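Counting from 1, the numbers follow the sequence of the chain as shown. The shown structure was predicted, so the numbers you read here are calculated from the model rather than taken from an experiment. Numbering of ligands and ligand atoms starts at 1, following listing order.
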Amino acid sequence: MKFSLVADTLGYMEGTTKRLELTQHLVDLFKITPAEIIPKVVYLLQGKLRPDHEGVEVGVAEKIAVRALSKSTGVPVSKIEHEYKKAGDLGQATAIILEQKTQTTFLKEDITVERVYDTLFKIAELRGNRSQNMKMKYISSLLNDASPIEGRFIAKIITANLRLGIADYTILDALSIAYTGSKENRPSLEHAYNVCSDLGRVSEAVAKKGMEALKHFQVSVFSPIRPMLAERIKSPEEAREKMGSEFAAEYKLDGERVQIHIQKEKTVLYSRSLENITSYYPDIVEKIGKSIKARDAILEAEAVAINEDTGEFLPFQELMHRRRKYNIAKAVQEYPITVNFFDIMFLDGKSCLDMSYSDRRRSLENVVTEDAFAKVMPMTLVKTDDEVEDFLENAINSGCEGLMLKQLDSSYRAGARASNWLKLKREYRNELGDSLDLVVVGAFYGRGRRTGRYGALLLSVYDKESDTYPSVCKVGTGFTDESLDQFYQILSDKIIVKKDSRTDSGLEADVWFEPEVVIEVVASEITLSPIHKVALGKIRKGSGLALRFPKFTGKIRFEKTPENATSSSEVMAMYNGQKKVVQNEKQF
Ligand code: AMP
């Protein structure tokens, strides 16, 4: 197939923004495209070579493209650069230069879609020292035979500047019209797209076998599924209205959604936006095989940073330390995670998408063998608002953002934001208005960069009634290297061999101190806690109050004695203040 057909279509499309016209141009092109080539055409139209999740990028520097054009036309680099500056666009400049050259040469070979695609693919695969020269050679051989309009789009595609923004859904519309005769069939195409996230694969199937191919469109390992999304609700009552009499409530952890594809020894991980994120989680790749009893599977999990000493979940930001190219092994050590499975979409050669939530959950529980690293997301069946509230409270106390509520008989609706999944977060209009002054009663040894110092401090309030120091949080954020050194020094002469009789905490610190040093902390909210002892039993039997996401502000309150620290009753007042905000919100 001549590449000029694709280039002409791109040219027409550049001239319009109307969706109907754009679609029509695509339909006309698809109708004359042989089925074997359709995936290549579809990718090129979007300036790609493969679906995004495969990470194949042409990415040629503009300098190289300019030199290649100079090589194939004999026009000096400086003249091309001048033309580029004038036109403001390398594609346009390429077309002008080729136009001038066309007037002086006659012999040209037609270039085909296959040749353009295959050459670009070779360029994308080139690595290493000599790759620049090779890239230039490939490009200049293409440009040698390209017409001005072909050259213009080749230049745009190789430099990743094809900014036509042809949306996936416009392409699906056009495929539906061209190959099934009607736009009405688009939902079937969309379904196929949602289960493989690969427009090339969908286009080839429908071009070869029409609607029939879509009926049998299969989920397959290493083709990421577009994730199912949840609607947001404000109260448990809303959940009951939408979900009926009984539904599942799962913890909503605050980490990164990971779609895990496993086949034999191979594991590939995709993010929520279907980027391949395997390299950020070598620990998942290494350990997860042991926990999954399956020949092949696609599972969904939330990867969450944890404090390995206490098992506490840490906020999402902690995971971002993993987003680096180098020294991943160090990040894995310093920021350990757990993997919390919440869904299964494929198992031993079969799709699970059409199974009900209950069946998928059962399957998930069978497939995952839990250990310290791999967990199945905590879940309970709920019927009443109180049951939802209770589980929400548990979830928040365990460091979750809230709950995910899921309809028991609902299938996995790939790519859809549907009301079969609801998210219920506990949110306050304000974070805790005030900072708190807390007493350092214990410390935990640091690891990684903090080895040889304290990594986190155990903090208490002062309880006037009983003259004790009940703990209210463990704080590990907000410290600079200097403040860590400073604490190590200041606290060294407060060390005592065993816990002070007035200190009250469910946590076992590595080192205990006399309650003397007071520091300032901010936090996002106050929650019920089974570990911390402030106002124990006053709000709920067996629970105390704790700070969520506490952070050291950098201030050591040397001027304060421990008795001047924030008191239990102040923390209780803050907690009750929060409750009011939540209740007020519900009324509106
Ligand atoms: P949001 O990002 O607020 O729209 O919430 C949806 C996100 O919550 C998902 O993309 C997951 O990353 C995350 N999540 C945490 N726990 C669960 C769960 N139990 N089920 C589904 N998603 C969850």
In terms of relative ring orientation, are F391 and Y251 parallel, tilted or perpendicular, with 30° and 60° separating the classes? tilted

Salt bridge (Lys or Arg N to Asp or Glu O under 4.0 Å) partners of E286, counting only residues at least two apart: none

Between the side chain of S220 and the main-chain N/O of S223, is any donor-acceptor distance below 3.5 Å? no

Taking a 3.5 Å cut-off between nitrogen or oxygen atoms, can you list every pair linking ligand 1 to the protein, with distances?
residue, atom, partner, partner atom, Å
ligand 1, 2 (O), R272, NH1, 3.1
ligand 1, 3 (O), K252, NZ, 3.4
ligand 1, 3 (O), K423, NZ, 3.2
ligand 1, 3 (O), K425, NZ, 3.3
ligand 1, 4 (O), K423, NZ, 2.3
ligand 1, 5 (O), K252, NZ, 3.0
ligand 1, 8 (O), K252, NZ, 3.2
ligand 1, 10 (O), R257, NH1, 3.0
ligand 1, 10 (O), R272, NH1, 3.2
ligand 1, 12 (O), E302, OE1, 2.6
ligand 1, 12 (O), E302, OE2, 3.3
ligand 1, 16 (N), L253, N, 3.3
ligand 1, 19 (N), E250, OE1, 2.8
ligand 1, 19 (N), Y251, O, 2.9
ligand 1, 20 (N), K406, NZ, 2.9

Under 3.5 Å, is there a donor-acceptor pair linking the side chains of D168 and Y193? yes

Got a donor-acceptor contact below 3.5 angstrom from the N340 side chain to the E302 backbone? yes

Can you check whether M211's main-chain N or O pairs, donor with acceptor, with T180's side chain at less than 3.5 Å? no

